[in-house]
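Predicted model only: the values in this text are computed from it and were never measured. We use all heavy atoms of the structure for the numbers below, so side chains are in, but hydrogens, waters and symmetry mates are not. We name chains A, B, ... by the order of the sequence lines, and we start the count at 1 in each one.
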Number of protein chains: 2
Amino acid sequence: MLGQDGVDGCCPGLLTAPLDEAQSVELAKVFKALGDPIRLRLLSMIASRAGGEVCVCDLTPAFDLSQPTISHHLKLLRQAGLIDCERRGTWVYYWLLPEMTDRLAGILTRPAGQPLPEPAGTAGDA
Amino acid sequence: MLGQDGVDGCCPGLLTAPLDEAQSVELAKVFKALGDPIRLRLLSMIASRAGGEVCVCDLTPAFDLSQPTISHHLKLLRQAGLIDCERRGTWVYYWLLPEMTDRLAGILTRPAGQPLPEPAGTAGDA
DNA sequence: AGGTTGTATCGATGTTCTTCGATTCAAGAT
DNA sequence: ATCTTGAATCGAAGAACATCGATACAACCT
């Protein structure tokens with residue numbers, strides 16, 4: 001889901017052509033995963049790790065939330081394709097899947113050849 | 001809110017350093033606005049318009065939703081700073097605020113000097 | 001085997017979100 | 001002034017979400 005041809009297809013996405021329904025549904029899932037402050041902080045903590053991965057045991061105590069809640073948020077980020085994880089002994093480590101953030105960045109980037117005329121405020125039709 | 005110094009501050013955001021609480025709350029509002037298929041389609045329809053603006057009367061009939069619902073979604077996109085609008089006679093026109101999408105794209109883009117070592121699967125600690 | 005620690009899953013609860021019909025507001029036309 | 005059309009606002013109803021405590025699962029230690 002997403003990645004096959006929908007979201008990044010050839011590249012344009014979002015700002016250059018109208019999204020069709022299927023594309024918008026898939027894309028919305030990813031943005032919805034980013035639409036929560038806790039998940040955004042989790043993602044940034046995971047992504048900014050030099051080693052490339054973080055133990056859950058380092059993430060959980062950084063929040064005033066229960067352990068199951070953090071686990072739930074991590075699951076949503078994983079289902080969105082933004083991160084992945086692996087158990088290593090007693091601990092579970094998470095890391096960023098940069099393909100997805102790259103894809104989102106591309107989707108939000110205009111082709112540079114689309115200046116967006118005037119903000120209409122100064123344009124008017126008079 | 002957002003844009004002053006929080007989200008783009010100097011530039012890094014999200015993938016290079018942990019977000020603080022205030023930043024994550026502001027950013028989450030914008031991503032949450034993008035986390036709905038209808039709003040994503042509305043935004044793409046608005047952004048991809050050559051003229052730079054779209055009349056609401058062109059947006060509403062493109063969906064199987066009531067007029068108040070579309071109006072509501074447009075309001076959320078506007079409150080997120082993604083679009084703006086202006087009434088011109090009987091009609092209201094919406095256009096993209098590229099500053100916000102540019103900002104998001106920047107936030108999701110890694111500085112290129114962050115290769116993300118190995119996916120831990122091949123690393124192991126043994 | 002039994003105990004301990006770290007993490008995920010399960011139900012339940014309160015909140016937020018999406019959507020609607022009804023209404024109100026804005027502006028032009030008769 | 002009244003009517004008509006386009007768009008926003010106002011409740012209300014149902015669905016989806018965030019959060020918790022309790023519990024189950026996984027792996028290590030003694």
Side-chain angles (χ1 to χ4, degrees), chain A residues 21 24-43 45-46 53-80 82-95 120 124-126, chain B residues 19 21 24-43 45-46 53-80 82-95 120-121 124-126:
Chain A
E21 293 188 33
S24 64
V25 168
E26 292 304 318
L27 238 196
K29 289 179 187 170
V30 186
F31 281 125
K32 188 177 295 180
L34 295 175
D36 180 275
I38 305 298
R39 288 193 292 270
L40 233 28
R41 284 218 286 154
L42 282 169
L43 187 70
M45 290 173 73
I46 294 169
E53 53 183 34
V54 193
C55 177
V56 175
C57 61
D58 288 332
L59 296 172
T60 304
F63 299 85
D64 282 337
L65 293 171
S66 70
Q67 174 268 322
T69 297
I70 298 300
S71 185
H72 172 66
H73 284 305
L74 288 170
K75 184 181 185 180
L76 292 186
L77 286 172
R78 195 159 64 84
Q79 289 177 334
L82 287 159
I83 58 176
D84 200 1
C85 67
E86 182 191 51
R87 165 163 237 130
R88 209 168 312 143
T90 307
W91 297 276
V92 176
Y93 294 85
Y94 280 80
W95 60 86
D125 52 355
Chain B
L19 246 42
E21 293 188 31
S24 64
V25 168
E26 293 304 318
L27 237 195
K29 289 179 187 171
V30 185
F31 281 125
K32 188 176 297 180
L34 295 175
D36 180 275
I38 305 299
R39 288 193 291 271
L40 234 28
R41 285 218 286 153
L42 282 168
L43 187 68
M45 291 174 73
I46 294 168
E53 52 184 36
V54 192
C55 177
V56 174
C57 61
D58 288 332
L59 296 172
T60 304
F63 299 85
D64 281 337
L65 293 170
S66 69
Q67 174 267 319
T69 298
I70 298 299
S71 186
H72 172 66
H73 284 304
L74 288 170
K75 184 181 183 179
L76 293 185
L77 285 172
R78 196 159 62 83
Q79 289 177 334
L82 287 159
I83 59 177
D84 201 359
C85 68
E86 181 191 53
R87 166 162 237 129
R88 209 168 311 143
T90 307
W91 298 278
V92 176
Y93 294 86
Y94 280 81
W95 60 86
D125 54 352

Are [X] and [Y] side-chain neighbours, meaning at least one heavy-atom pair lies under 4.5 Å?
X: Ile46(A); Y: Leu82(A); value: no
X: Leu74(B); Y: Val92(B); value: no
X: His73(B); Y: Asp36(B); value: yes

Between [N] ([atom2]) and [X] ([atom1]): distance, integer Å:
X: Glu86(B); N: dA26(C); atom1: CD; atom2: P; result: 16 Å
X: Leu34(B); N: dT18(C); atom1: CG; atom2: P; result: 12 Å
X: Leu65(B); N: dC17(C); atom1: CG; atom2: P; result: 18 Å
X: Ile38(B); N: dC17(C); atom1: CD1; atom2: P; result: 17 Å
X: Leu42(A); N: dT19(D); atom1: CG; atom2: C1'; result: 14 Å
X: Phe63(B); N: dT19(C); atom1: CZ; atom2: P; result: 10 Å
X: Asp64(A); N: dA18(D); atom1: CG; atom2: C1'; result: 15 Å

Checking the side chain of [X] only, and the main-chain atoms of [Y] only, is there a donor and an acceptor separated by less than 3.5 Å?
X: Thr60(B); Y: Val56(B); value: yes
X: Ser24(A); Y: Glu21(A); value: yes
X: Arg39(A); Y: Ala28(B); value: no

Between Trp91(A) and Tyr93(A), what is the shortest heavy-atom contact and its length?
CB-CE1, 3.9 Å
Which atom pair, heavy atoms only, marks the closest approach of Thr69(B) to Ser66(B)?
OG1-OG, 2.9 Å
Under 4.0 Å protein heavy-atom contacts per nucleotide of nucleotides 24-30 of chain D, with B for base, S for backbone only and - for none:
--SSS--
Please work out which residues in residues 67-77 of chain B have a non-hydrogen atom less than 4.0 Å from an atom of DNA chain C and list them by number.
Pro68(B), Thr69(B), His72(B), His73(B), Leu76(B)
When we call it a touch if two heavy atoms are under 4.0 Å apart, what does Arg78(B) touch: a base, just sugar-phosphate, or nothing?
nothing
What contact category does Tyr94(A) fall into here, base, sugar-phosphate, or nothing, at under 4.0 angstrom with non-hydrogen atoms?
sugar-phosphate
As a test of reading the structure: which of dA7(D), dT18(C), dA18(D) is closest to the side chain of Trp91(B), going by heavy atoms?
dA7(D)
Scan Leu42(B), Ile38(B), Asp84(B) and name whichever one has a side chain to side chain contact (heavy atoms under 4.5 Å, CB included) with Leu77(B).
Leu42(B)
Is the phosphate of dA16(D) approached by Lys32(A) (side-chain N or O, under 4.0 Å from OP1 or OP2)?
no
